[in-house]
There are 2 protein chains.
Amino acid sequence: MSNVTIKDVALLAEVSVGTVSRYINGYQLKAGNRKKIEKAIEELDFKINPLARGLRSSKTFTIGVLIPRISDVFCTQVIEGIEEAMASLNYSILICSSNDSVQQQTDKMNGLMDKCVDGIIVMPVSSNEWSWRGSSDNRIPIVLIDRLVRECEWDAVVSDNVNGAYSAVEMLINHGHRKIGIIAGPQNISTAQERLTGYMRALNDYNIVVNDDYIVYAPYTKNGGIEAVNRLVGLTDPPTAIFSTNHPTTVNSLKVLMEKELVIGNQISLCGYDQTELFQMFTPPISVVVQPARDMGISAATTLMKRINGDYEGFPLIKRLKTQLIATSSVKKI
Amino acid sequence: MSNVTIKDVALLAEVSVGTVSRYINGYQLKAGNRKKIEKAIEELDFKINPLARGLRSSKTFTIGVLIPRISDVFCTQVIEGIEEAMASLNYSILICSSNDSVQQQTDKMNGLMDKCVDGIIVMPVSSNEWSWRGSSDNRIPIVLIDRLVRECEWDAVVSDNVNGAYSAVEMLINHGHRKIGIIAGPQNISTAQERLTGYMRALNDYNIVVNDDYIVYAPYTKNGGIEAVNRLVGLTDPPTAIFSTNHPTTVNSLKVLMEKELVIGNQISLCGYDQTELFQMFTPPISVVVQPARDMGISAATTLMKRINGDYEGFPLIKRLKTQLIATSSVKKI
DNA sequence: GTCCAAAATTGAAACGATTCAATAATGTTG
DNA sequence: CAACATTATTGAATCGTTTCAATTTTGGAC
């Protein structure tokens with residue numbers, strides 16, 4: 001650390017440390033004093049020590065971001081949004097991964113609290129289990145992203161999963177499909193629930209009888225979906241179209257269908273979830289529901305900052321961002 | 001913050017604060033005292049305040065990670081490795097992105113220093129320009145990852161780019177290709193230089209005359225490579241194979257070749273760089289040089305920790321990890 | 001049981017900011 | 001210009017640790 005302190009600045013500027021502190025924190029100053037302090041800071045190359053500052057004021061200008069997996073495409077885009085929004089405000093981001101484990105999530109939440117972050121953005125591992133309880137005396141703001149948690153009253157930024165799924169299934173129906181399989185996610189995750197709801201609602205609205213065999217569940221983790229797709233295509237009366245409800249399961253659906261040498265967009269139709277540019281480079285390109293990941297990150301960051309700055313208007317706020325459907329020839333017209 | 005301090009612990013355990021501090025920092029203690037302190041800590045739910053600790057000891061148990069782009073596949077895997085290694089040591093990670101800009105890189109480096117991180121892992125934007133100069137009085141360890149910087153003596157963890165590229169080009173040659181184009185990266189980035197070197201060396205070793213028209217340059221950023229591939233395939237005597245030297249240029253090469261309806265592995269052969277599982281799901285799967293991104297992250301983290309702990313053995317250390325070649329039918333045998 | 005070196009403990013002084021009550025300077029008004 | 005309200009400034013106390021010189025305790029050796 002450069003050893004220049006507020007005291008040195010005060011000495012050189014011929015004012016008291018209190019005044020220098022007031023300058024730093026943007027309070028009103030006599031013009032002459034401001035000038036002198038500015039000059040002294042410049043001359044000494046003074047840098048504020050965030051540890052000393054934080055110790056006294058318990059503000060660290062740092063937030064925590066906790067996600068299930070750093071290498072996940074969707075998570076990455078979210079983080080990019082958060083970083084963009086936070087960097088401009090001179091806030092730093094402490095990042096950690098819960099590795100899809102509730103235990104690790106709890107541990108890392110505690111770790112972030114122990115580090116005295118000013119707020120946390122978290123994508124929960126599960127919407128049912130949320131073992132973590134913040135110590136009651138230290139209530140820093142928390143914003144959920146992507147997934148809600150039952151009985152937890154916190155701000156959240158999610159995407160419109162019901163309608164996202166609805167639009168996908170509707171598209172499948174409009175292409176003439178009646179036998180539509182879904183790789184549904186674990187029902188302890190709110191997004192998975194909502195996407196299944198969207199599926200059901202679309203079938204209902206179009207008077208299509210729900211066939212339970214067409215609903216299979218898969219974990220939302222890296223290897224999820226392999227078994228599920230196998231089950232679907234192995235049915236005696238298999239679906240003509242498959243709707244896969246998150247990124248890893250979509251990747252794995254593709255993998256399985258290809259291994260089975262089923263021609264996508266012909267023998268079997270596929271619609272997935274979450275965009276990666278490579279999906280559009282397949283033959284045929286893959287239909288997907290696209291979530292505004294980056295914007296979700298930005299929105300979560302903005303909301304968190306509002307709370308950090310003490311503005312608790314409308315708490316708890318649930319912001320739902322619209323999804324977009326990319327319809328391609330991976331879905332056959334029948 | 002929970003308001004329990006070391007003082008409260010000392011009081012309850014009937015020892016001095018100094019002793020409690022010694023306990024926390026793992027010094028030898030009389031067994032009885034250790035017990036009493038442990039009990040008091042447990043009872044009061046004492047958590048150490050990292051700000052106070054950092055203020056006195058100027059250690060924050062936090063490192064900075066600065067990369068060109070958070071959403072880049074390779075970077076993400078690197079970060080995952082770093083997180084894994086650091087989490088187990090109870091270190092936190094402050095993450096930021098330079099967005100491929102030297103200016104931002106400098107700003108964020110300064111930002112990290114100002115935050116008093118204990119060390120920094122950085123993937124530099126350029127190997128030539130490194131405008132940043134750490135203040136001389138605050139020499140915290142820095143580890144470069146993936147890319148070296150000229151005239152900067154720091155530890156580094158990179159992959160064996162020369163041999164990585166060599167193996168790819170050699171494979172192309174062994175498949176009968178003589179007209180091999182390369183999408184070389186910007187020569188101010190060490191990896192790009194080295195990969196071009198590998199290309200040249202392979203051609204040389206196999207007595208193939210280098211055709212300057214076959215060497216085109218593209219930025220290593222998100223949209224890099226589009227123009228370059230167009231140039232190559234537009235030549236009157238175009239190459240039969242293209243070697244693309246990083247992830248984005250590989251993605252874009254794919255994109256352009258597909259748009260031009262050139263059948264990969266038949267009309268044109270392609271070998272790319274950096275793995276993403278989707279590459280292996282194309283028809284044909286795409287040949288790539290795979291870097292051990294995650295291991296590079298782990299290794300960088302380990303090296304940094306060594307330096308943070310004062311072990312400067314072998315400084316500056318340059319660790320080169322081996323790459324792996326995935327050879328597929330995206331390269332035609334001719 | 002003495003003596004001495006080694007090990008453990010103590011407690012006050014940092015670390016470098018913010019905060020706040022007391023004080024000083026400035027502005028405003030009749 | 002006196003009287004008062006307002007605005008700025010001061011500087012000591014504080015935040016919760018670590019550090020270190022001084023002191024006490026411990027455990028062998030004789």
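We name chains A, B, ... by the order of the sequence lines, and we start the count at 1 in each one. Computed from a prediction, not measured in an experiment: that's the story for all the values here. Note: hydrogens, waters and symmetry copies are ignored here, and every other heavy atom, side chains too, is used.
By the 4.5 Å heavy-atom criterion applied to side chains, A:L112 and A:V117 are counted as neighbours. Looking at heavy atoms from C-beta onward, B:E38 lies in side-chain contact with B:Y23 at the 4.5 angstrom threshold. No side-chain heavy atom of A:I67 sits less than 4.5 Å from a side-chain heavy atom of A:D72.
Remark: P of C:dA17 and CG of A:D8 are 9 Å apart, rounded to the nearest angstrom. Distance, B:K7 NZ to C:dT10 P: 15 Å, rounded to whole Å. Straight-line distance from the CG atom of A:L55 to the P atom of C:dA14: 17 Å, rounded to whole Å. Summarising the geometry, the separation between CZ on B:R53 and P on C:dG16 is reported as 18 Å, rounded to the nearest angstrom. Going from atom OH of A:Y23 over to atom C1' of C:dG16 covers 18 Å, rounded to whole Å. The CG atom of A:L51 sits 12 Å away from the C1' atom of D:dG16 (whole-angstrom rounding). Across the protein-nucleic acid pair, B:R56 atom CZ and D:dT19 atom C1' stand 5 Å apart, rounded to whole Å. Remark: P of C:dT9 and OH of B:Y27 are 14 Å apart, rounded to the nearest angstrom.
Of the inter-residue distances, the one linking A:I318 atom CD1 with A:L144 atom CG reads 8.5 Å to the nearest 0.5 angstrom.
Here B:S16 reaches the OP1 or OP2 of C:dT10: one of its side-chain N or O atoms lies under 4.0 Å away. B:N49 has no side-chain polar atom (N or O) that falls below the 4.0 Å cut-off from OP1 or OP2 of D:dC15. The side chain of A:S57 places no N or O atom within less than 4.0 Å of a non-bridging phosphate oxygen (OP1 or OP2) of C:dT18. Put simply, B:T5 has no side-chain N or O that comes within less than 4.0 Å of OP1 or OP2 on D:dG16. For A:Q28 and D:dA8, the shortest distance from a side-chain N or O to OP1 or OP2 is below 4.0 Å. For B:N33, no side-chain nitrogen or oxygen approaches OP1 or OP2 of C:dA8 to under 4.0 Å. Residue A:K30 places at least one side-chain N or O under 4.0 Å from the OP1 or OP2 atom of C:dT26. Side-chain nitrogen and oxygen atoms of B:S21 include none within less than 4.0 Å of the OP1 or OP2 phosphate oxygen of D:dT17.
For the pair A:R307 and A:Y312, the distance from NZ or CZ to the six-membered ring centre is under 6.0 Å and the angle to the ring normal is within 45 degrees.
Of the candidate nucleotides C:dA8, D:dT10, D:dG16, D:dG16 has the atom nearest to the side chain of B:A52. Across C:dT9, D:dG16, C:dT18, the shortest atom-to-atom separation from the side chain of A:V17 is found for C:dT18. Distance from the side chain of A:R22 is smallest to D:dA8 among D:dT17, D:dA8, C:dT9. Checked against C:dG16, C:dA17, D:dT9, the side chain of A:N3 finds its nearest nucleotide in C:dG16.
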